[in-house]
Protein chains: 2
Amino acid sequence: MLEYSAQLDLAFHALADGTRRAILERLSRGPASVSELAKPFETSLAAIHQHVQVLEASGLIATEKRGRTRECRISAETIMRVEHWLNERRQLWEQRFDRLGKLLENNEFQNMAGAGGTADGGEHR
Amino acid sequence: MLEYSAQLDLAFHALADGTRRAILERLSRGPASVSELAKPFETSLAAIHQHVQVLEASGLIATEKRGRTRECRISAETIMRVEHWLNERRQLWEQRFDRLGKLLENNEFQNMAGAGGTADGGEHR
DNA sequence: CGAATACTCAAGCATAGGCTTAAGTAACCG
DNA sequence: CGGTTACTTAAGCCTATGCTTGAGTATTCG
């Protein structure tokens, strides 16, 4: 199994392309074959096939060959992992922001009896 | 202002690199200068500076020059936009999955009086 | 069986990415 | 003022990406 960071590399890289995101949007509405996925685009089928391969390697989709068509469908796990990573960072940041907010509030109370304070809650480093 | 899709391109691309994600992790714990960000890595300061530029262009961080140092800090908006996009896709997918689940349940009830059905809830296309 | 369909694979090509080294440039420090 | 610090810029290099075209290969249909 790939290490966590390498998985995120693949997933974020896969998501960093508008065509691939459009494919995901299509698939979030239900499974489709490669040529169905290709229809909305002007690029070649081979190019879409390559995008599908990138998406599958990232774990964002899963595919299965049925006869001569390949059915592609969204896979939940990876998108959840990505959301989880983002969520953790954001929460860390928000916690810090809340603490900073409270600090500033306290400063304001203190400053009510003094002169205008700095705009920056200097707890840097 | 950049169009939405181009913003996502930049953000996901910025997130698709382990070094840049590590920088974000560091910054989610509080602002830092470029050389502080560079310390944990073996790469050159110039390389880290380039990563910082990519992150800033994506909107994931904001920076401000103070004297001869540049203070870098997380910026919330973009990370929230990215989470929002992922969340929407996942919800679409989950809705579909729920409907499919209910369909399969119904099939099971129907199949209790009949023979073994197909494993696939064939509502494809 | 033979044609059409639906990928699949392999080269080749142009651009973008990430890194390095080697200069700058702009504050600070003594 | 001169040296150190902290970026900043530029050039070059090598790899990775995304796309195309031109073959395959496997299925399905008449």
Side-chain angles (χ1 to χ4, degrees), chain A residues 2 5-24 26-27 30-73 122 124-125, chain B residues 2 5-24 26-27 31-73 120 122 124-125:
Chain A
L2 278 176
S5 179
Q7 281 190 2
L8 287 175
D9 280 5
L10 290 176
F12 280 125
H13 167 68
L15 288 164
D17 181 282
T19 302
R20 285 196 290 264
R21 285 199 305 278
I23 290 176
L24 283 176
R26 167 64 189 79
L27 291 180
S33 69
V34 176
S35 39
E36 278 169 351
L37 292 177
K39 263 176 203 160
F41 304 103
E42 295 185 347
T43 54
S44 67
L45 182 66
I48 300 297
H49 178 238
Q50 285 166 23
H51 282 308
V52 165
Q53 287 181 322
V54 170
L55 285 166
E56 186 169 22
S58 76
L60 286 166
I61 72 171
T63 77
E64 191 189 346
K65 191 92 191 206
R66 300 202 173 180
R68 62 183 160 167
T69 76
R70 177 171 295 276
E71 188 173 277
C72 310
R73 52 176 72 242
H124 171 214
R125 248 213 138 217
Chain B
L2 278 177
S5 179
Q7 282 189 3
L8 287 175
D9 279 5
L10 290 176
F12 280 124
H13 167 68
L15 288 164
D17 182 282
T19 302
R20 286 196 289 265
R21 286 199 305 278
I23 290 175
L24 283 177
R26 168 62 189 80
L27 290 180
S33 69
V34 176
S35 39
E36 277 169 351
L37 291 176
K39 262 176 205 161
F41 304 102
E42 294 185 347
T43 54
S44 68
L45 182 66
I48 299 298
H49 177 239
Q50 284 166 22
H51 283 308
V52 165
Q53 286 182 322
V54 170
L55 286 166
E56 186 169 21
S58 76
L60 287 166
I61 72 170
T63 77
E64 192 189 345
K65 191 91 191 203
R66 299 202 172 179
R68 60 184 160 164
T69 76
R70 177 172 295 277
E71 189 173 277
C72 310
R73 54 176 70 244
D120 183 49
H124 171 214
R125 245 209 137 222

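Residue numbers begin at 1 in each chain, while the letters A, B, ... track the order of the sequences.
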Quick one: [X] [atom1] to [N] [atom2], roughly how many Å, whole number?
| X | N | atom1 | atom2 | value |
| --- | --- | --- | --- | --- |
| H49(A) | dT5(C) | NE2 | C1' | 15 Å |
| F12(B) | dG17(C) | CZ | P | 16 Å |
| D9(B) | dG17(C) | CG | P | 10 Å |
| L55(B) | dG17(C) | CG | P | 14 Å |

Checking R70(B) now: which residues fulfil salt bridge (charged side-chain N to carboxylate O under 4.0 Å, His left out) with it, not counting sequence neighbours?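 With neighbours one apart ignored, the set is empty.
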Heavy-atom pair with the smallest gap, counting every atom of [X] and [Y]:
| X | Y | value |
| --- | --- | --- |
| L45(B) | S35(B) | CD1-CA, 3.9 Å |
| C72(A) | T63(A) | SG-CG2, 3.9 Å |
| A14(B) | L60(B) | CB-CD1, 3.8 Å |
| F12(B) | A16(A) | CB-CA, 3.5 Å |

Close N/O contacts between protein and nucleotides 13-15 of chain C (under 3.5 Å):
none

Give the C-alpha distance, both sets of side-chain angles, the deciding distance and a yes or no for side-chain contact (heavy atoms from CB on, under 4.5 Å) between R21(A) and D9(B). CA-CA 9 Å; R21(A) 285 199 305 278; D9(B) 279 5; 2.8 Å; yes
Taking only side-chain N and O atoms of [X], does any of them lie within less than 4.0 angstrom of OP1 or OP2 on [N]?
| X | N | result |
| --- | --- | --- |
| K65(B) | dT8(D) | yes |
| R70(A) | dT8(C) | yes |
| S33(B) | dC7(D) | yes |

Show your working on side-chain contact (heavy atoms from CB on, under 4.5 Å) between V54(B) and H13(B) and close with a plain yes or no. CA-CA 9 Å; V54(B) 170; H13(B) 167 68; 4.3 Å; yes
Nucleotide-resolved protein contact map, nucleotides 18-30 of chain D, B/S/- at heavy-atom distance under 4.0 Å: SBBB-----BS--
Please test I48(A) against I23(A) for side-chain contact (heavy atoms from CB on, under 4.5 Å), starting from the C-alpha separation and ending with a verdict. CA-CA 9 Å; I48(A) 300 297; I23(A) 290 176; 4.2 Å; yes
